[in-house]
Amino acid sequence: MGKNLVIVESPAKAKTIEKFLGKEYRVLSSYGHIRDLKRKDFSIDIENDFKPIYEIPSDKKKVVSELKAAAKEADTVWLASDEDREGEAIAWHLYDVLGLEKKDTKRIVFHEITKSAIQEAIKNPRDIDKNLVDAQQARRVLDRIVGFELSPVLWRKIKPALSAGRVQSVAVRLIVEREREIQQFKPEASYRIVALFSKEENGKVYEIKAEYNKRLKTKEEALSLLDKLKSADFTVEDITVKPVKKSPAPPFTTSTLQQEASRKLGYSVAQTMMIAQRLYESGKITYMRTDSVNLSSLAIQGAKNEIVDLYGDEYSKTRQYSTKSKGAQEAHEAIRPTYLNEREINGTSQEKRLYDLIWKRTIASQMTDAELEKTTATIGVSNVEGKFVATGEVIKFDGFLRVYREGTDDEEAENESAILPPVKQGERLLMTETTATERYTQRPPRYTEASLVRKMEELGIGRPSTYAPTISTIQQRGYVEKRNVEGEERTYAVITLKNGKIKDALKKEMAGADKNKLVPTDIGMVVNDFLVDYFPDIVDYNFTAEVEKDFDKIAEGKMQWNKSIANFYKTFHPTVEKTVNMRTEHKTGERILGVDPKTGRRVSVKIGRYGALAQIGTADEEDKPLFAPLQKSQSIETITLEEALKLFELPRNLGEFRGKEMVVGIGRFGPYVRYDNKFVSLPKDADPLEITAEEAVALIEAKEKEEKEKIIKTFSEEPGLQILKGRYGPYIAFEKENYKIPKELNPTELSLEDCRKIIAEADKNKTKSEKKGRRTSAKK
DNA sequence: CAGTGAGCGAGCTTCCGCTTGACTT
């Protein structure tokens with residue numbers, strides 16, 4: 001029985017450490033914070049110096065009672081939570097909640113999980129740093145004040161159940177402002193001129209691709225240049241050779257791992273974190289929520305061994321990286337393989353691929369620079385001033401590139417690392433073909449989940465543990481959607497000079513299309529505009545950085561935490577009051593589109609209780625206004641009067657089929673045809689305003705056929721019970737509930753008796769799980 | 001689960017950061 005109790009934050013960590021410390025030490029985990037402000041209450045006593053009112057959340061009661069019991073048995077309790085603001089607060093809450101005494105309590109920290117680091121930590125205990133704890137309390141209280149005072153303003157002024165916060169509202173703002181930049185973007189065309197030259201040497205023909213060093217604004221200029229090139233001579237005027245060095249990227253942090261996994265493996269931010277969690281729990285990698293690029297000396301040595309072993313001495317270069325990102329707290333190491341000599345692991349293919357990425361990135365970070373040679377050849381033209389420039393890149397020594405190359409977000413990044421053929425200064429070249437292509441400037445890119453994380457990290461907003469949850473929150477609130485955006489077809493000119501003839505052609509391309517990008521909804525835009533108008537300080541990109549300055553002062557003992565909060569509250573709270581009591585009408589993003597030609601009433605769009613809507617007429621008129629919801633692809637900001645009026649043509653009656661009416665409408669799940677009280681969804685490309693009765697009949701018949709094929713078996717004595725084929729295999733449908741059929745049973749051979757047994761069995765289990773109340777509440 | 005929205009009402013919604021689980025269909 002150990003006389004010492006060590007408490008860490010994570011159970012996986014506890015397991016490893018226990019091995020290092022031996023029998024005298026028992027190691028348990030707190031599973032993160034054990035105490036917090038009450039979930040539903042404001043829980044801050046404004047009158048009483050902003051005193052926080054803490055409680056132990058229900059899901060932490062068990063852990064706390066276990067820790068209490070263990071602490072009672074121990075002579076010394078070692079609080080070994082992380083060495084950052086949150087970790088220090090966890091230590092303090094533990095101290096308080098477990099009723100520990102100072103003489104029996106020691107606070108220790110370690111930066112890496114190695115035997116020596118932990119033994120060293122045990123030798124150097126300290127007291128809890130109350131200043132750092134206060135900095136955390138300030139952070140916590142500020143976030144609660146902002147979130148719980150701002151959100152109700154939105155409920156009153158815009159729509160219920162909305163939310164605002166220091167982090168999420170800025171994330172939404174980034175996405176909204178980017179979308180507006182895109183809307184306002186006007187692409188500019190210019191002509192890019194590329195020539196192909198050839199030369200012959202020792203019977204071999206070489207081809208050289210070179211670009212004209214100016215872009216031409218107009219088609220006339222391009223045509224006139226090409227015309228001159230017909231009779232021009234081309235000479236190599238200059239060749240420069242420049243050595244270029246490339247250094248490897250630092251080891252992974254949470255943010256960079258999310259970005260690379262997204263770029264290279266196509267994982268969502270949440271997916272990456274789930275897979276990394278499994279790798280961490282099985283001891284394959286170090287902790288996955290970190291902002292540090294630091295590697296332990298053990299890891300550096302391990303990497304070196306691998307590199308020397310696999311590639312040789314000349315590839316090894318040990319490097320120490322330092323963190324540059326704002327507000328980094330560096331309580332952990334970088335994300336790296338626990339054992340660098342484990343080149344591959346067992347696991348799912350996802351786990352293998354993510355591990356491989358981490359292994360390569362870590363190894364590469366300890367390798368030598370790549371040495372490249374960049375060659376530039378300038379080709380002069382006899383009758384024009386401009387030059388053609390050809391570049392080539394040769395890898396002289398691959399260094400870290402042998403293992404790993406960092407991905408880029410630039411979709412148009414060209415693979416131009418071609419080798420330049422051997423040309424000499426003064427040499428004459430033959431031009432075989434020149435093409436002038438009309439190119440447009442690129443609009444700013446929409447954010448992906450991963451690029452949003454990078455931006456947030458850059459601004460110091462959010463933490464490694466919250467990047468993924470924040471992205472899911474802003475989607476859940478309906479501020480942002482991850483979706484595809486259709487592009488527009490546009491034409492561009494391609495002029496070719498070949499064999500002395502100029503050909504002029506028009507080509508088509510899709511521009512502006514996007515896949516899986518973050519796009520703001522109408523609600524997102526309206527909420528953002530509201531916050532920017534009335535609470536510009538809170539959604540300022542520098543707000544977090546500013547308050548962090550205060551938190552730093554508190555941590556250094558130079559400022560009292562409740563003074564800092566009082567100072568903020570003094571101006572914030574009156575602004576909240578003022579905004580709530582504002583006389584002005586709901587700030588719901590209303591936009592007036594014009595007048596309905598049929599009735600002469602006003603047509604407008606705005607956010608309603610259930611989302612964006614179009615409206616004919618106003619409330620003060622004698623006739624009540626008419627309403628119609630906007631379609632998913634439409635936006636308050638861009639919808640036209642014609643498009644809005646069309647929405648009122650639905651639901652549309654298509655006539656009868658087998659004596660029953662067919663009605664087309666748009667519902668919560670998109671456009672549909674209703675027939676015989678059944679709904680048939682329209683295919684993506686069908687327009688509910690255009691669809692004909694024949695097309696609708698075809699859809700209905702297809703659906704009926706599908707329904708029929710779904711039925712595996714029915715019983716005449718119990719028509720309400722059916723055995724059906726579903727997405728997840730065969731199941732029994734009975735009284736609006738579905739029941740899974742055990743795999744070992746053949747669904748076609750089941751008797752009514754068997755089915756009743758399965759149902760009775762499932763109902764018995766259900767009453768147990770329903771006690772938790774999760775299912776029922778989630779359904780609503 | 002495909003009707004909603006313009007005025008009495010009941011009661012609810014919400015923040016950020018630490019950590020892992022245990023549910024189905």
Side-chain angles (χ1 to χ4, degrees), chain A residues 8-13 29-37 39-43 59-60 63 81-82 84-87 89-90 93 136 139-155 159-169 277 280-281 287 289 329 331 461-467 469-470 473 477 544 586 588 606-615 617-621 624-629 651 663 665-674 677-681 726-729 731 737-740 762 765-766 769-770 772 774-775 778-780:
Chain A
V8 296
E9 291 183 39
S10 141
K13 207 170 172 181
S29 154
S30 76
Y31 294 82
H33 277 294
I34 53 143
R35 200 164 64 162
D36 190 15
L37 299 175
R39 203 169 64 84
K40 302 233 161 196
D41 269 29
F42 192 61
S43 292
D59 58 327
K60 286 291 162 61
V63 190
S81 45
D82 297 343
D84 58 11
R85 206 157 64 198
E86 300 297 326
I90 290 174
H93 280 296
Q136 192 274 347
R139 199 278 305 155
R140 182 69 190 91
V141 166
L142 177 87
D143 282 337
R144 174 55 65 90
I145 292 175
V146 171
F148 275 41
E149 292 214 354
L150 229 40
S151 300
V153 179
L154 299 179
W155 307 341
K159 190 169 107 84
L162 295 174
S163 68
R166 174 178 58 84
V167 172
Q168 59 168 282
S169 296
Q277 175 90 30
Y280 168 67
E281 280 170 13
Y287 197 58
R289 289 186 277 264
Q329 308 210 3
I461 297 165
R463 306 276 314 129
S465 67
T466 60
Y467 294 138
T470 302
T473 300
R477 299 276 174 273
T544 292
H586 291 209
T588 48
K606 68 173 187 187
I607 296 289
R609 207 175 307 165
Y610 307 102
L613 61 84
Q615 170 178 349
T618 54
D620 50 339
E621 291 169 32
K624 280 204 165 185
L626 300 169
F627 300 100
V663 177
I666 296 174
R668 219 150 78 78
F669 312 120
Y672 64 88
V673 182
R674 195 178 65 218
N677 279 330
K678 283 195 190 105
F679 292 90
V680 184
S681 293
R727 250 199 312 163
Y728 306 106
Y731 66 97
E737 293 275 353
N738 297 334
Y739 302 88
K740 205 157 84 184
N765 291 333
K766 189 174 292 155
S769 63
E770 221 152 25
K772 292 190 174 167
R774 187 179 275 180
R775 241 183 84 103
K779 253 187 174 172
K780 265 255 155 187

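Within every chain, numbering begins at 1; the chains are lettered A, B, ... in the order of the sequence lines, protein sequences first and strands thereafter.
Using a 4.0 Å heavy-atom criterion, one finds that A/R477 contacts the sugar-phosphate atoms exclusively. Using a 4.0 Å heavy-atom criterion, one finds that A/D59 contacts no nucleic acid atom at all. Contact annotation for A/G87: no contact, since no heavy-atom pair falls under 4.0 Å across all strands. Among the protein residues, A/K606 comes within range of the nucleic acid bases, having at least one heavy atom under 4.0 Å from a base atom. As judged by a 4.0 angstrom heavy-atom cut-off over every strand, A/P152 is placed among the base-contacting residues. Counting any heavy atom pair closer than 4.0 Å across all strands shown, A/P629 reaches a base atom. Counting non-hydrogen atoms under 4.0 angstrom, A/V146 reaches nothing in the nucleic acid. Residue A/A164 is classed as a sugar-phosphate contact, given heavy-atom separations below 4.0 Å to backbone atoms only. Nucleic acid contact class of A/R139 (heavy atoms, under 4.0 Å, all strands): base. Across all strands shown, A/T473 has heavy atoms under 4.0 Å from sugar-phosphate atoms exclusively, and none from any base. Nucleic acid contact for A/P625: none, since no nucleic acid atom lies under 4.0 Å from a heavy atom of the residue. Here A/G165 lies in heavy-atom contact (under 4.0 Å) with sugar-phosphate atoms only. Residue A/Q615 is in base contact, counting any heavy-atom pair closer than 4.0 Å across all strands shown. As judged by a 4.0 angstrom heavy-atom cut-off over every strand, A/L162 is placed among residues touching the sugar-phosphate backbone only.
Counting only heavy atoms from C-beta on, A/E86 has its side chain closest to B/dC18 among B/dG5, B/dT14, B/dC18. The side chain of A/F148 lies closest to B/dC15, out of B/dC15, B/dG17, B/dG5. When distances are taken from the side chain of A/S10 to each of B/dG21, B/dG17, B/dT19, the shortest belongs to B/dT19. Side-chain proximity of A/D84 to B/dG5, B/dC18, B/dT19: nearest is B/dC18.
More than 12 heavy atoms of other residues, nucleotides or ligands shown are found within 6.0 angstrom of CZ on A/R35.
B/dT14 atom C1' lies 14 Å from atom CG of A/D36, rounded to whole Å. Between A/L154 atom CG and B/dC15 atom P there is a gap of 11 Å when expressed in whole angstrom units. We find that CD of A/E149 is positioned 16 Å from C1' of B/dC16, with the value rounded to whole Å. In this structure, A/Y467 places its OH atom 13 Å from P of B/dT19, rounding to the nearest Å. One interatomic measurement links the two molecules: CD of A/E9 to P of B/dT20, which rounds to 9 Å at whole-angstrom precision. Look at CD on A/Q136: it is 10 Å from C1' on B/dC16, rounded to the nearest Å. The CZ atom of A/F679 sits 9 Å away from the C1' atom of B/dG3 (whole-angstrom rounding). Rounded to whole Å, atom P of B/dC15 lies 10 Å from atom CZ of A/R144.
When the side-chain nitrogen and oxygen atoms of A/S163 are compared with OP1 and OP2 of B/dC15, one or more of them lie within a distance under 4.0 Å. Dashed line: the shortest gap from a side-chain N or O of A/Q168 to OP1 or OP2 of B/dC15 is under 4.0 Å. Here A/R166 reaches the OP1 or OP2 of B/dG17: one of its side-chain N or O atoms lies under 4.0 Å away. Contact annotation: A/R463 side-chain N/O to B/dT19 OP1/OP2 distance is not under 4.0 Å. Neither OP1 nor OP2 of B/dC16 sits under 4.0 Å from any side-chain N or O of A/T466. One finds no side-chain N or O of A/S81 lying less than 4.0 angstrom from the OP1 or OP2 phosphate oxygen of B/dC18. Note on A/S465: a side-chain N or O is less than 4.0 Å away from OP1 or OP2 of B/dC18. OP1 or OP2 of B/dT19 has at least one side-chain nitrogen or oxygen of A/Y287 nearer than 4.0 Å. Residue A/R289 places no side-chain N or O under 4.0 Å from the OP1 or OP2 atom of B/dC18. Side-chain N/O atoms of A/R39 include none lying less than 4.0 angstrom from OP1 or OP2 on B/dC16. In this model, the phosphate group of B/dT14 is not approached by any side-chain N or O of A/K159 to a distance below 4.0 Å at OP1 or OP2.
Nearest heavy atoms, A/S163 versus A/L154: O-CD1, 3.5 Å. Smallest separation of non-hydrogen atoms from A/A12 and A/Y280: CB-CE2, 3.6 Å.
At a threshold of 4.0 Å, the pair A/K13-A/D82 counts as salt-bridged, since one of the basic side-chain nitrogens sits closer than that to a carboxylate oxygen.
Between A/H33 and the choices A/H93, A/R140, A/E86, A/E9, the side-chain hydrogen bond (donor to acceptor under 3.5 Å, both in side chains) rule is met once, by A/E86.
Note: A/F42 and A/F148 have tilted aromatic rings, judged against thresholds of 30 and 60 degrees for the angle between ring planes.
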(message) In dot-bracket form, 5' to 3', how is DNA chain B paired? Count Watson-Crick and G-U wobble pairs only if both distances fall under 3.5 Å, and write | where the partner sits on another strand.
(response) .........................
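A search for salt bridge (charged side-chain N to carboxylate O under 4.0 Å, His left out) contacts involving A/E281 returns nothing, not counting sequence neighbours.
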(message) As a quick check of understanding, evaluate side-chain contact (heavy atoms from CB on, under 4.5 Å) for A/L626 and A/Q615, giving each step before the final call.
(response) CA-CA 6 Å; A/L626 300 169; A/Q615 170 178 349; over 6 Å; no
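Between A/Y31 and B/dC18, no base-stacking contact is recorded for ring centres under 5.5 Å apart and planes less than 30° from parallel.
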